[in-house]
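Reckoned from all heavy atoms, side chains included, excluding hydrogens, waters and symmetry mates. Along the sequence shown, the residues carry numbers beginning at 1.
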Amino acid sequence: MSKLIQAIRGMNDILPEETPKWQFVEQQFRKLMAAYGYAEIRFPIVEKTELFKRSIGEVTDIVEKEMYTFEDRNGDSLSLRPEGTAACVRACLQHGLLYNQSRRLWYLGPMFRHERPQKGRYRQFYQLGVEAFGFSGPDIDAEMIMMSARLWQRLGIADSVTLELNSLGSIESRRAYRDILVAYLNEHREQLDADSLRRLQSNPLRILDSKNPDMQALIEAAPKLNAHLDEASREHFVKLCNLLDAAGITYRLNSRLVRGLDYYSKTVFEWVTDRLGAQGTICAGGRFDGLVEQLGGRATTAMGFAIGLERLVLLIDEAQFARYDSAPQVYLLALGDAAEIRAIELAEQCRDALPELRLLLNAGGGGMKSQMKKADRSGAQFALILADDELARNEITIKDLRGEMQQQALSQIGLVEFLKSSLKL
């Protein structure tokens, strides 16, 4: 016997028992996007490597260590997308979507990073992403934060997450703060770990996000970014906080929240939980006002966020949220050759009349006992039994598998009305 081929480490299968939870989250997300007027955009999994180097930054962990990069047959350097924002901007610029207009967009799909797999974090992972272009005020920041808060309510996990908020200021004020921070850290080089020493010149703000317990006192005493904001960024942030206060959104100011990608400026935020261990962030985003211009377009203000679907699904499990019901409502048994032919016809008639009906037709034959076992295991509410006696009388037998309704015989003509009424279709 040949050796079984296993999935690549960090690239997991989502089995039929799990997919209903994913479908429920995706369904709620799609409904929410429509309610807020956001349109879906889809873009390729593979992009030119240059796109991510120019947007994310060549000295970030993602570009240096985590991207799946390869050379194709034409000699071009290509990469599996590690995140969605850069690809979304590229698509918008290529197709002229941002020319003299604002856009509200969303996307859903797999991303790829070669990092250490852990609970809720994989090398192929799924993200829900939201981006808005052409809105300069804090109102769009507030809308996105309130929109994500509404998603937690719809998923039943609002009590499990906390909003953290900060401002990175403008690119200019960030550069000025960077010099101050580097000077402070250089004075304490002996306390920096190897990772922080590597980041000291390339991306020093990321040191503030270090989880190394030996460095927490040093980080806590570091100069605070929000004390060095430019006036416009400070005013923007104050207005955002006022909007969130008015909407009843609770948040915690976190001066150490910096986000890991180079393109962020002004508002940054994260929704975090303590139910998933060390990897507690389930949603993160902020403004990236300079990215469109950085990728060759006209200067365009922008705001967005992304949600890690794996960790979100885990959190819903923790909250014991009601499962999205994808089980069949009806299981149709057919006993005998003639009954099998009629069952197929009857099943299609029901599906024509009731498009929302979830009907599972027995396949593979079998006796009454084996078919009834399949019907019960399917989770269906009703078993519909079609055998020689029913065919002769043009009837069908209905058995309630979950309730107390008495088994009954019904005219086949009346089956659609029975299902419509009983299942409220």
Side-chain angles (χ1 to χ4, degrees), residues 14-40 42 106 108 154-156 313 316 321-425:
I14 303 169
L15 302 180
E17 292 75 17
E18 295 293 317
T19 52
K21 301 162 192 166
W22 290 66
Q23 291 166 358
F24 176 77
V25 173
E26 292 166 11
Q27 179 193 68
Q28 294 302 317
F29 180 75
R30 291 175 186 275
K31 287 181 177 179
L32 187 68
M33 292 300 101
Y36 277 80
Y38 283 69
E40 183 182 9
R42 302 187 183 192
W106 68 269
L108 163 63
R154 293 190 177 190
L155 297 178
V313 168
I316 289 174
F321 189 79
R323 187 173 75 89
Y324 174 75
D325 190 4
S326 62
Q329 298 159 304
V330 175
Y331 193 99
L332 179 50
L333 292 73
L335 300 167
D337 292 342
E340 288 179 3
I341 294 173
R342 177 58 184 147
I344 290 174
E345 295 175 342
L346 199 57
E348 291 305 297
Q349 289 170 9
C350 289
R351 290 173 177 136
D352 286 341
L354 304 170
E356 301 298 317
L357 175 66
R358 301 192 301 274
L359 184 152
L360 185 58
L361 177 62
N362 184 77
M368 171 68 81
K369 187 175 181 180
S370 67
Q371 291 195 40
M372 283 301 298
K373 282 184 178 179
K374 291 179 184 179
D376 189 52
R377 285 199 300 265
S378 75
Q381 174 73 37
F382 296 112
L384 306 181
I385 304 167
L386 197 59
D388 290 341
D389 288 347
E390 284 82 9
L391 285 176
R393 298 191 300 266
N394 200 29
E395 293 179 343
I396 191 162
T397 298
I398 300 171
K399 183 175 179 62
D400 189 347
L401 299 175
R402 310 292 164 213
E404 298 180 356
M405 188 188 82
Q406 293 294 314
Q407 180 171 308
Q408 61 179 293
L410 182 73
S411 167
Q412 292 179 18
I413 296 175
L415 178 59
V416 167
E417 282 305 315
F418 169 84
L419 295 176
K420 182 177 181 180
S421 174
S422 300
L423 299 173
K424 297 180 173 55
L425 297 174

Does atom [atom1] of [X] have more than 12 heavy-atom neighbours from other groups under 6.0 Å away?
| X | atom1 | answer |
| --- | --- | --- |
| Gln407 | CD | yes |
| Asp352 | CG | yes |
| Lys374 | NZ | yes |
| Arg402 | CZ | yes |

Work out which heavy atom in [X] is nearest to a heavy atom in [Y]; give both atom names and the distance.
| X | Y | value |
| --- | --- | --- |
| Ala339 | Ala387 | CB-CA, 4.3 Å |
| Ala343 | Leu332 | O-CD2, 3.5 Å |
| Arg154 | Phe24 | O-CZ, 4.1 Å |
| Ala375 | Ala383 | CB-CB, 4.4 Å |
| Leu357 | Cys350 | CD2-CB, 3.9 Å |
| Leu359 | Arg351 | O-NH2, 2.8 Å |

Mind checking the [atom1]-[atom2] spacing from [X] to [Y]? Nearest 0.5 Å is all I need.
| X | Y | atom1 | atom2 | result |
| --- | --- | --- | --- | --- |
| Ile398 | Gln406 | CD1 | CD | 13.0 Å |
| Thr397 | Phe382 | OG1 | CZ | 13.5 Å |
| Leu354 | Glu417 | CG | CD | 8.0 Å |
| Ile385 | Met368 | CD1 | CE | 4.5 Å |
| Glu17 | Thr19 | CD | OG1 | 8.0 Å |
| Ile396 | Leu346 | CD1 | CG | 5.0 Å |

(request) May I ask you to decide if Phe418's main-chain N or O and Ser422's side chain share a donor-acceptor pair within less than 3.5 Å? (result)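 Answer holds: yes.
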(request) Report yes or no: does Asn362 contribute a side-chain atom to a donor-acceptor pair with the main-chain N or O of Gly365 at less than 3.5 Å? (result)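 Yes; at least one donor-acceptor contact below 3.5 Å.
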(request) Using a strict 4.0 Å threshold on nitrogen-to-oxygen distance, state whether Arg342 and Glu390 make a salt bridge. (result)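 Salt bridge between Arg342 and Glu390, a charged N being under 4.0 Å from a carboxylate O: no.
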(request) Applying side chain to side chain contact (heavy atoms under 4.5 Å, CB included), name anything that partners Ile341, two or more places apart in sequence or on another chain. (result)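 Expected list: Glu345.
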(request) Output all residues satisfying side chain to side chain contact (heavy atoms under 4.5 Å, CB included) with Leu360, sequence neighbours left out; order by chain, then residue number. (result)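 Scan of Leu360 (side chain to side chain contact (heavy atoms under 4.5 Å, CB included), adjacent residues dropped) gives Pro328, Tyr331, Ser378.
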(request) Output, in order, the C-alpha distance, side-chain angles, deciding distance and verdict of side-chain contact (heavy atoms from CB on, under 4.5 Å) for Leu386 and Gln412. (result) CA-CA 10 Å; Leu386 197 59; Gln412 292 179 18; 3.6 Å; yes
(message) Name the residue from Trp106, Trp22, Tyr36 that meets the ring pair (Phe, Tyr, Trp, His ring centres under 6.0 Å) definition with Phe29.
(response)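 That would be Trp106.
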(message) Glu26: which residues meet the side chain to side chain donor-acceptor pair (under 3.5 Å) condition with it, sequence neighbours left out?
(response)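 Listed in chain order: nothing, the list is empty.
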(request) Taking the side chain as every heavy atom from C-beta outward, state whether Gln28 and Leu32 have any atom pair closer than 4.5 Å. (result)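 No; the side chains remain at least 4.5 Å from each other.
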(message) Less than 4.5 Å apart, side chain to side chain, heavy atoms only: is that true for Gln371 and Leu335?
(response)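 Gln371 reaches Leu335 side chain to side chain.
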(request) Give the intermediate values and the outcome of side-chain hydrogen bond (donor to acceptor under 3.5 Å, both in side chains) for residues Asp400 and Gln381. (result) CA-CA 6 Å; Asp400 189 347; Gln381 174 73 37; 2.8 Å; yes
(request) Go through the side-chain N and O atoms of Glu395 and Ser411 and say whether any donor and acceptor fall under 3.5 Å apart. (result)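 No, Ser411 and Glu395 have no side-chain donor paired with an acceptor closer than 3.5 Å.
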(request) Please test Gln408 against Lys399 for side-chain contact (heavy atoms from CB on, under 4.5 Å), starting from the C-alpha separation and ending with a verdict. (result) CA-CA 7 Å; Gln408 61 179 293; Lys399 183 175 179 62; over 6 Å; no
(request) Kindly indicate, with the supporting measurements, whether the criterion side-chain contact (heavy atoms from CB on, under 4.5 Å) is fulfilled by Gln329 and Leu419. (result) CA-CA 9 Å; Gln329 298 159 304; Leu419 295 176; over 6 Å; no
(message) side-chain contact (heavy atoms from CB on, under 4.5 Å), that's the test. Do Met372 and Leu333 meet it? Break it down for me.
(response) CA-CA 8 Å; Met372 283 301 298; Leu333 292 73; 3.5 Å; yes
